[in-house]
J.: 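Input: one structure, supplied below.
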Number of protein chains: 2
Amino acid sequence: MALADEAGLDGLSMRRLATELGVVPMALYKHVANKDELLDGIIDTVVGEIDLGPVEGDWRPAVRARILTARAQMLRHPWASGAIESRRNPTPAVLAYMNSVIGLLRTGGFTVDLVHHAIHTLGSRILGFSQELFDDTPADPGAQEAAAHAMKDTFPWLAEMALQVAHDEKSIVGSGCDDQFEFEFALDLLLDGLERLRSAV
Amino acid sequence: MALADEAGLDGLSMRRLATELGVVPMALYKHVANKDELLDGIIDTVVGEIDLGPVEGDWRPAVRARILTARAQMLRHPWASGAIESRRNPTPAVLAYMNSVIGLLRTGGFTVDLVHHAIHTLGSRILGFSQELFDDTPADPGAQEAAAHAMKDTFPWLAEMALQVAHDEKSIVGSGCDDQFEFEFALDLLLDGLERLRSAV
DNA sequence: CGTCCTAGGTGTACGCCGTACACCATCCTA
DNA sequence: TAGGATGGTGTACGGCGTACACCTAGGACG
């Protein structure tokens, strides 16, 4: 995890990890069957650190809080979301996390069926991350605005949006979007919809 | 694209593509600066094939239809979603696609601000795919149910859900979930929420 | 005390990957 | 007829995951 934190997911190779540990690459294979198992291990650790303590109150704030806790952990370890996405089978800690969220929904009055749909609907957002289609925080804020201007003829709708976003955000914190706001916006929209379905039964 | 279709994203290497073309690997670099540019190229092609023809009627069925069209294309080329996720900068065809969806929303009565949040909310689902946390279509249907039984003590909520899903689906098409249904369920929930916000302004 | 098992580190090697660099053949244009 | 573009070739480097055979220190047990 330390190596991934500082070198990113790409920088985490068996060879590099070995030299970091002052050891020859093949020595790692006495502790781990292969690289996949190593990745499963660090995923299990990072997800296992998410606090699953009991939460009181309605299902909605409870689920919201749990997901935002997970998100904080993902932000602490930026490689984690990519690592999780790359895996095909869930690790025990991921299962435990899912189990806890499902529990909050079930005790909150969701039917088994609706929980199932809810899990699919939340998708990776349940673990606190969402894959954006592209990185909207380019290095140069001015360049972004210039690019938006250049798009006005070919992609007018896109340019309109990009320009307004660039304008709005410039007053706050340079360019790019407020990821945390957008995440919570989407999360609340989903939770609203789920509550509507739950109470409609 | 043909190679990716048959060998997957992992199987698409410069060397393999070259031999497939009956040519030496370095020959590819006379047509493409590097592998990233090649990936951008095939993404642009696959996304460019999505029909962006004009759609009549309300924004909601229009956006729904466009996204489901995109999804069909993604299902036709299973490597595409992974390739798109791996990229940091959008290709022209992706921009054109986004522009078209934004246009449908804007002419449908969305403010620029709300469109921006909507795009973030839809995330990758706008292009017809959503990253599931894990692959829920294991090879052996019986094994899945057995695993669910084994989880009853450690992860009771998860087991409860898995067992009901396994039971429900067994009558239809073996195990696993109906991905298309779950996708449309989530999409409709999002579109419902967005419509509520739009008409509330 | 001597034996043997085991946990864990070592060295070498294979086959894959992306790609830098120098070279060459063809063909179209001036 | 000369010269530049276009595009294929050969070699090589540094990285990756990992198979296989080997060695060493320490503890268990007769």
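Atom set for the values below is all heavy atoms of this structure, side chains included, hydrogens, waters and symmetry mates excluded. In what follows, every chain begins at residue 1, and chains take the letters A, B, ... in the order their sequences are listed.
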J.: Just jot down the salt bridge (charged side-chain N to carboxylate O under 4.0 Å, His left out) partners of A/Arg60, sequence neighbours excluded, or say none.
T.: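 Residues passing salt bridge (charged side-chain N to carboxylate O under 4.0 Å, His left out) with A/Arg60: A/Asp192.
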J.: Is A/Arg71 close enough and on-axis enough to A/Phe183, meaning under 6.0 Å and within 45°, for cation-pi?
T.: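 Yes, cation above the ring, under 6.0 Å and within 45°.
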J.: Across the strands shown, which category fits B/Val24 at heavy-atom distances under 4.0 angstrom: base, sugar-phosphate, nothing?
T.: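 Contact class for B/Val24: base.
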J.: With the threshold set at under 4.0 Å for non-hydrogen atoms, list the residues of residues 26-38 of chain A touching DNA chain D in residue-number order.
T.: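 Here the set is A/Met26, A/Tyr29, A/Asn34, A/Lys35.
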J.: Could you work out, with salt bridge (charged side-chain N to carboxylate O under 4.0 Å, His left out) as the rule, every residue matching A/Asp40, not counting sequence neighbours?
T.: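 In terms of salt bridge (charged side-chain N to carboxylate O under 4.0 Å, His left out), with neighbours along the sequence ignored, A/Asp40 is linked to A/Arg87.
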J.: Say whether, by atom type as modelled, one donor and one acceptor occur between the side chain of A/Tyr97 and the main chain of A/Asp51 under 3.5 angstrom.
T.: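 Not at all, since once roles are kept as given, no pair shorter than 3.5 Å links the two residues.
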J.: Is the shortest side-chain heavy-atom distance between A/Met1 and A/Trp79 below 4.5 Å?
T.: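 Sidechains of A/Trp79 and A/Met1: in contact.
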J.: For A/Pro61, does its backbone N or O pair with a side-chain atom of A/Asp58 as donor and acceptor, under 3.5 Å?
T.: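 Checking the backbone N and O of A/Pro61 against the side chain of A/Asp58, no donor-acceptor pair under 3.5 Å is found.
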J.: Can you list everything that forms a salt bridge (charged side-chain N to carboxylate O under 4.0 Å, His left out) with A/Arg106? Sequence neighbours excluded, please.
T.: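 Only B/Glu160 meet the salt bridge (charged side-chain N to carboxylate O under 4.0 Å, His left out) criterion with A/Arg106.
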J.: Would you find a donor on one side and an acceptor on the other, under 3.5 Å apart, between the side chain of B/Thr19 and the backbone of B/Gly22?
T.: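 No, the answer is negative, given that no donor and acceptor are paired below the 3.5 Å cut-off.
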J.: With a 4.0 Å heavy-atom cut-off, tell me which residues in residues 8-15 of chain A come close to DNA chain D, sorted by residue number.
T.: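 Correct list: A/Ser13, A/Met14, A/Arg15.
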J.: Apply salt bridge (charged side-chain N to carboxylate O under 4.0 Å, His left out) to B/Arg64 and B/Glu184, showing your working.
T.: CA-CA 9 Å; B/Arg64 191 177 198 276; B/Glu184 295 190 20; 3.1 Å; yes
J.: Any donor-acceptor pair under 3.5 Å linking the side chain of B/Gln73 with the backbone of B/Val46?
T.: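 At least one qualifying donor-acceptor pair exists.
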J.: Of all nucleotides in DNA chain D with an atom under 4.0 Å from a non-hydrogen atom of chain B, which is the first and which the last going 5' to 3'?
T.: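 In short, chain B contacts DNA chain D from D/dG7 to D/dA12.
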